[in-house]
Amino acid sequence: MTNKNKIMGYKKPSFIENIAEKIGLIPNLHKDKYQEFDGDMRQFTDEEVAQLYENFPPPEKWNDWQEYNPKVWPRKEKTTYQIVPTTCFNCESACGLTAFIDKETQEVKKFEGNPYHPGSRGRNCAKGPATINQITDPDRILFPLKRKGKRGDGDWERISWDEALDTIAARIRKAIKEDRHNEIAYHVGRPGHEKFMNWILQGWGIDGHNSHTNICSSGARFGYNLWYGYDRPSPDHTNAKFILLISAHLESGHYFNPHAQRIIEGKMKGAKLATMDPRLSNTASMSDYWLPSYPGTEAAVLLAMALIILEEDLYNRDYLKNWTNWQEYLKAQHGDKEVTFENYITAMIDEYKEFTPEFAEKESGVKADMIVEIARQIGEAGERFASHNWRSAGASNLGGWAVARCLHFLSVLTGAVGAKGGTSPNSWNKFSPTQPNPPKPQKKWNELHFPKEYPLAFFEMSQLLPHFLKEGRGKMDVYFSRVFNPVWTYPDGFTWMEMFQDESKFGLHTALTPTWNETAFYADFVLPMGLASERHDINSYATHGGTWVAFRQPVLREAARRNGKDVEFTYETNPGEVWEEDEFWIELSWRIDPDGSMGIRKHFESPYRPGKKIKIGEYYQYLFERVPGLTETAKKEGITELEYMQKYGTYEIEKGESYKKNETLLTAEQLDGSEVDPTNDVIRKNGKDIGVMINGTAMLGFPTPSRKNEYYSQTMVDWKWPEYAVPKYIKSHIHNDNLDKAKGEYVLVPTFRLPTLIHSRSGNAKWLVEISNRNPIWMHPDDAAKWGFKTGDLVKMNTDIGYFIDKVWVTQGMKPGVVACSHHIGRWRRPQDKIGNRWATNTVAIQGDGKGGWKMNTIAGIKPFESDDKDSKRIFWKDGGVHQNITHAVHPDPISGMHCWHQRVRIEKPVSGENYGDIFVDTNKSHEVYKEWMAMTRPAPGPNGERRPLWFKRAFTPDISTFYIDKKKEE
Ligand code: SF4
């Protein structure tokens, strides 16, 4: 064995492995040569590794690449391809893809990775290549449609793009002219479009952006933001020594594949991995430590670790001293003590004295010994402590945001914030584009999105929109749902359905979607938008300690361009008349303001041809001209910036040394005319905070009021939550104390993802549905024995507003006392709906009693069907699962606004006549639950009549004047 093998942690094969390899039962992975190659991989340079991946065709051959066609094997027949790069749209990571286009037929035949993409580096998860299923799905929507008959009746007619655009534009024009700006909204599910929609909606002067973020990530964002003014973490897994994941990030988490490959790289270099999750996920099973915590108690475990680090002197003294606002904390909360660093440490130890490992074990079920061991390893890892928490706990519990806050506390204690091998703010690793003719911030504040009750909500209170409409707070005259399916994805889908069916609540509903979904059934226009390889977009995400920008492009359009064909609009090269959002919005904007008199059109004029409508190529050329370094790189090849991106699909802006940016020194020019606040050393210029003095040196710091990590948050005090001035553990709505076990009450974890599915968008991807097509209730054998359940038995899950009937899966992979159900499955269509997603949808009957009671029953499961795709006859699965989210009430966290997904459920055995897939919901009850949670809020105004802290980020930030509540108007 070589030394390198030793460094790698090479293990000798076991006796059984040896025998099995020798007799050929399993491949021999321990032949000297093989192991040497395998083990030595990481000793090569990046360039050498790239050469080893011979399977990637080099870009100089991308216009004429020949491969044997595997489908005609054993015949040897070559196909010639044009290869065009784009990016995947099946999660936010935006990994690189290359489309292989048959040169002869101009059909896309397959997708592979793009080795030049710095985030994904040629690798994809199963969902990337499955893009081919989506674009060839026989059930996809190919033409613009308008409803006939009553909304929701399922009758549609084909229309032209012109008819759709003119009708929608006229309605928007009227609303704006009548000063009803807040009745226009764009509600997005899968985002993307870096700043494109800011350009459009702010160009119209409306506060019209609504997102899915409050059912997704806003809890964690809030926790991070309170600390350091950035709302997302960017862990540097590759260089970490210890990695702590809250939930299953290795298999399905945020920035899934780019992070997963770097977590494994970190592990290969010797990092230890710990995963906190009540489920033995694939991630937990790959970890060195599995911490099966009771849901909602994660913060207690993290604070116990913090206490150990403090008590055992494992903290980073310099970092805490320089980069936390400890003086402010002592002055505010310990006025009797002298302001010394030692008193700060003592006060923190006192603050968390109850969080002993034993207390944390009692709360969470995680063994005290393991908590101590991990805390010590985190302390020892120091700056090289990487961690991640995204949806999971932060999105599940009352006070879930405190999980992110307590996790970041560990990064602060160890000095890992922004360090190599630590966890940086995401903005340090993200490119932000500059657009032509940028509009000014809108002078409107839409209280249907940011109501006064939620002054600190990190994103729009989108889950409450139907309740706001129900209680008459306003209406949506023109509403766009874009790759957004709240009827299915959101809690309380029946209330959404009730509101969608009422035209006085939703005036004109346009669904922009590549595929049919449960929300599009309740639209007036269904407009087919392109999938990953059928549209333009740019992407830049914090996948690692570097910065990149990628170009999602319509690959057939790009192939046509290379072949010398002139294309005006993307739908000319897409299937049917499938279009793309970018061109749609530009066209719509011009039609809203055809003569330019409303001041809208000017924003969407060409920066190169004054007065003319901007072309899509001009838009991206303008953006790419402003990507640092790209102009020079493109010039070397004698091409424009746009041509470079069309060719490679990606550009690496910064290779990965962007650490500790808070220590960036302010220049003499920046400091000229500035002054230092003697109370906290913040440097101010022209009324704006620009930096902070650290040991006599002027540094950039963080975008918080103190320009440091805020252990103590005056903001929380000012906004009526003084009890959470410092990181705290908040007992959740599903804490054991809140459950009545005698009545069969359990906590249901409904949030976990399967790595092979795409929220509610896998229904048109046959390979993915073939892998995963049901969502049983995970139950530990001890719980199953208590109830007398075995795998496959029916179980009735009673929520606060109704029930659903599912099947049990008995598994030791679930923490006892907790049950779980994956969230992608249970898709449906009604008999009257257009056929769609037949790989994944049950046919259901829905009956309402007219008084808020709704029943859903499965009429038919999934069946083989005739189509041009022979595989549709080969469907072997029948069970499409059960739609669980529709039985959940809204649970908006009173501070962060995040929907708290976990459910208190009462488990029962169904009675005779109750069947698999049965669902019942009472929307009156759901409205009552909504009111209960609303009653927990502490509404604006805050200091100075503000409706939101001025330093808090807000999506589509409006004009500063709108941040103040006009009391006179209210009276
Ligand atoms: S992780 Fe998978 S789904 Fe997400 S962008 Fe990458 S390939 Fe696509």
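Residue indices begin at 1 and follow the sequence shown. Ligands are counted one by one from 1 in listed order, and the atoms in each one are counted from 1 as well.
- No more than 12 heavy atoms of other residues, nucleotides or ligands lie within 6.0 Å of CZ in Arg774, so this atom counts as exposed by the packing criterion.
- Looking at Ser540, its side chain does come within 3.5 Å of a backbone N or O of Phe431 through a donor-acceptor pair.
- Aromatic rings of His237 and His544 (six-membered ring for Trp) have centroids beyond the 6.0 Å cut-off, not under it.
- Between Tyr490 and His212, the shortest heavy-atom distance links the atoms OH-CA, 3.2 Å.
- For ligand 1, the atoms closer than 4.0 angstrom to any heavy atom of Lys127 are 3 (S).
- Interface of Gly128 with ligand 1, defined as ligand atoms under 4.0 Å from a residue heavy atom, comprises 7 (S).
- In terms of protein heavy-atom proximity, atom 4 (Fe) of ligand 1 is nearest to Cys91 SG, 2.3 Å.
- Pairing each heavy atom of Pro118 with each of Trp548, the nearest pair is CG-CB, 3.6 Å.
- Looking at Asn90, Asn124, Asn257, it is Asn257 that brings a heavy atom closest to atom 1 (S) of ligand 1.
- The nearest protein atom to atom 2 (Fe) of ligand 1, hydrogens excluded, is given as Cys125 SG, 2.3 Å; this is a heavy-atom distance.
- Nearest non-hydrogen protein atom to atom 6 (Fe) of ligand 1 is Cys95 SG, 2.3 Å.
- Under the 4.0 angstrom criterion for non-hydrogen atoms, Ala94 is in contact with ligand 1.
- For Lys267, the NZ atom counts as densely surrounded, since its 6.0 Å shell holds more than 12 non-hydrogen atoms of other residues, nucleotides or ligands.
- One of the N, O or S atoms belonging to Cys88 lies under 2.8 Å away from atom 8 (Fe) of ligand 1.
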